[in-house]
There are 2 protein chains.
Amino acid sequence: MAIESSKGLLKERGVRLTRQRQILLELIDKTGEHLDAERLFQMAKEKDPKLNRVTVYRTLKMLKAGGLVDELDLMHYGGDQHYYETRLKQEHAHVICLRCGKVEEFFGEPLQRLRKQIESHFGFQVLLARTEVGGYCAHCQTLRAREVEELRLLTVAAGKPAAARAPSKRTRRS
Amino acid sequence: MAIESSKGLLKERGVRLTRQRQILLELIDKTGEHLDAERLFQMAKEKDPKLNRVTVYRTLKMLKAGGLVDELDLMHYGGDQHYYETRLKQEHAHVICLRCGKVEEFFGEPLQRLRKQIESHFGFQVLLARTEVGGYCAHCQTLRAREVEELRLLTVAAGKPAAARAPSKRTRRS
DNA sequence: GTTAGTGCAAACCTTTTGCAGCTCT
DNA sequence: AGAGCTGCAAAAGGTTTGCACTAAC
């Protein structure tokens, strides 16, 4: 179980395994991935109502600095918050549908190849790598085409030029 | 000149080319890249002291939505702000040294290969792609090794366990 | 003359900090 | 016992919004 190795690593470094940290580690490890600080906080609060949001931030920061979690933005699909996932998996890219928000993961040799080329090309020591791709998933491509067409009809009917308007996208706190 | 094609694209869409937008477009286009909103604002203010920070944000948002600029984070090296660059160049990865902050750009076939694989593997329509790599540049690797060694000596001398402490890194507004 | 775009002030969300008190080891 | 952590309140940074006014077409 991945969580044990995390605990081990932290202990080695003289980091105290407090109740709060155990809760957070467990959540990050068990809950698949792509949690942001706020959601992690909400989940942690259920296990310990006293646990403070600040502790979540501090813990995430420590885990990130220690290389135990990776920080993602997922193309800022949901806003400006960051998402976190354990670092134990193989390197992968995140593929985000900009319409439905679904996140896919892509493993594949171009990623390793990219890393190696950067290392040899610049003599660079790669510690973190992050690839995020945004677009439309297979399902949403159809729906999107329909939406665009409807919009076109509307604006043409109103005698407007083809100026499209992007819908407001601020969905932060539900 | 790239800026002319940007203007053309905007005009086609019925976007008004205000004085402010012309200033901002010109700055983004001429000033190489990796400007954040605040720096862009400071530069724009020199050309038009009345120009407001909000206009910068609104313009960047529009350009991003219209696919004319790409948004980067550069691994949050300098904080949580976003950076922008024109989208006319070939796709490339950003390689950020976490010690000195230097940003290199990497062009190379793994990137195109990655994009194609994602498109065919998921039937995904890729609109944006972003690869950011963090680590130490050739120059900083040496210096970093020295720093780590010095830290080790210090903590050993003080009879401490090997718990390293990450230095505070909040350099936002200078 | 319209309607899109601007400036201003004020809000907003996310994240960080200072400090007193608690708790792991 | 004592450094390391936590919680609380308050701040900070970056970005967005509401609204009246201005300017591009």
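Sequence lines set the chain letters: A, B, ... in the order given, protein chains first and strands last, and positions in each chain run from 1.
Considering only side-chain N and O atoms, A:Lys61 lies under 4.0 angstrom from the phosphate OP1 or OP2 of C:dT16. Contact annotation: A:Thr18 side-chain N/O to D:dG4 OP1/OP2 distance is not under 4.0 Å. An OP1 or OP2 oxygen of D:dG14 is reached within less than 4.0 angstrom by no side-chain nitrogen or oxygen of B:His82. For A:Tyr57, no side-chain nitrogen or oxygen approaches OP1 or OP2 of C:dT16 to under 4.0 Å. OP1 or OP2 of C:dG7 sits under 4.0 Å from a side-chain N or O of B:Thr55. For A:Asn52, a side-chain nitrogen or oxygen approaches OP1 or OP2 of D:dC8 to under 4.0 Å.
Partners of A:Lys102 under the salt bridge (Lys or Arg N to Asp or Glu O under 4.0 Å) rule, at least two apart in sequence or in another chain, are A:Glu104.
Using a 4.5 Å heavy-atom threshold, the side chains of B:Arg144 and B:Glu147 count as touching.
To the nearest angstrom, P of C:dT23 lies 14 Å from CD1 of A:Ile23. Atom CG of A:Leu60 and atom P of D:dC5 are 15 Å apart (whole Å). A:Gln81 has its CD atom 16 Å from the C1' atom of D:dG13, to the nearest Å. Residue B:Arg53 contributes atom CZ, which lies 12 Å from atom C1' of C:dC8 at whole-angstrom precision. Rounded to whole Å, the distance from CG on B:Asp80 to C1' on D:dA12 is 12 Å. Rounded to whole Å, the distance from CE on A:Met62 to C1' on D:dT6 is 14 Å. The distance from atom NE2 of A:His76 to atom P of D:dT16 is 10 Å, rounded to the nearest whole Å. Atom NZ in A:Lys45 sits roughly 11 Å away from atom P in D:dC8 (whole-Å rounding).
In this pair, A:His82 and B:His76 present their aromatic rings tilted. The plane angle is within the 30 to 60° band.
Along DNA chain C, the nucleotide nearest B:Gln20 and the nucleotide nearest B:Val54 are compared for position; the residue whose nucleotide lies closer to the 5' end is B:Gln20. Each of B:Arg19 and B:Glu71 was assigned the nucleotide of DNA chain D with the nearest heavy atom; the assignment lying further toward the 5' end belongs to B:Glu71. Residue-to-nucleotide proximity on DNA chain D shows that, of B:Asp36 and B:Leu17, the 5′-proximal contact is made by B:Asp36.
Put simply, the side chain of B:Arg16 and the base of C:dT3 share a donor and an acceptor less than 3.5 Å apart.
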Item to check | B:Phe107 vs B:His92, ring-ring contact (aromatic ring centres under 6.0 Å, His included): CA-CA, chis, key distance, verdict | outcome: CA-CA 5 Å; B:Phe107 305 74; B:His92 56 279; 5.1 Å; yes
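Across all strands shown, B:Arg21 has heavy atoms under 4.0 Å from sugar-phosphate atoms exclusively, and none from any base.
Screening A:Gln112, A:Glu109, A:Arg113 for a side-chain contact (heavy atoms from CB on, under 4.5 Å) involving B:Pro110 leaves a single residue, A:Arg113.
Here the nucleotide nearest the side chain of B:Arg58, chosen from D:dG7, C:dG7, D:dG2, is C:dG7.
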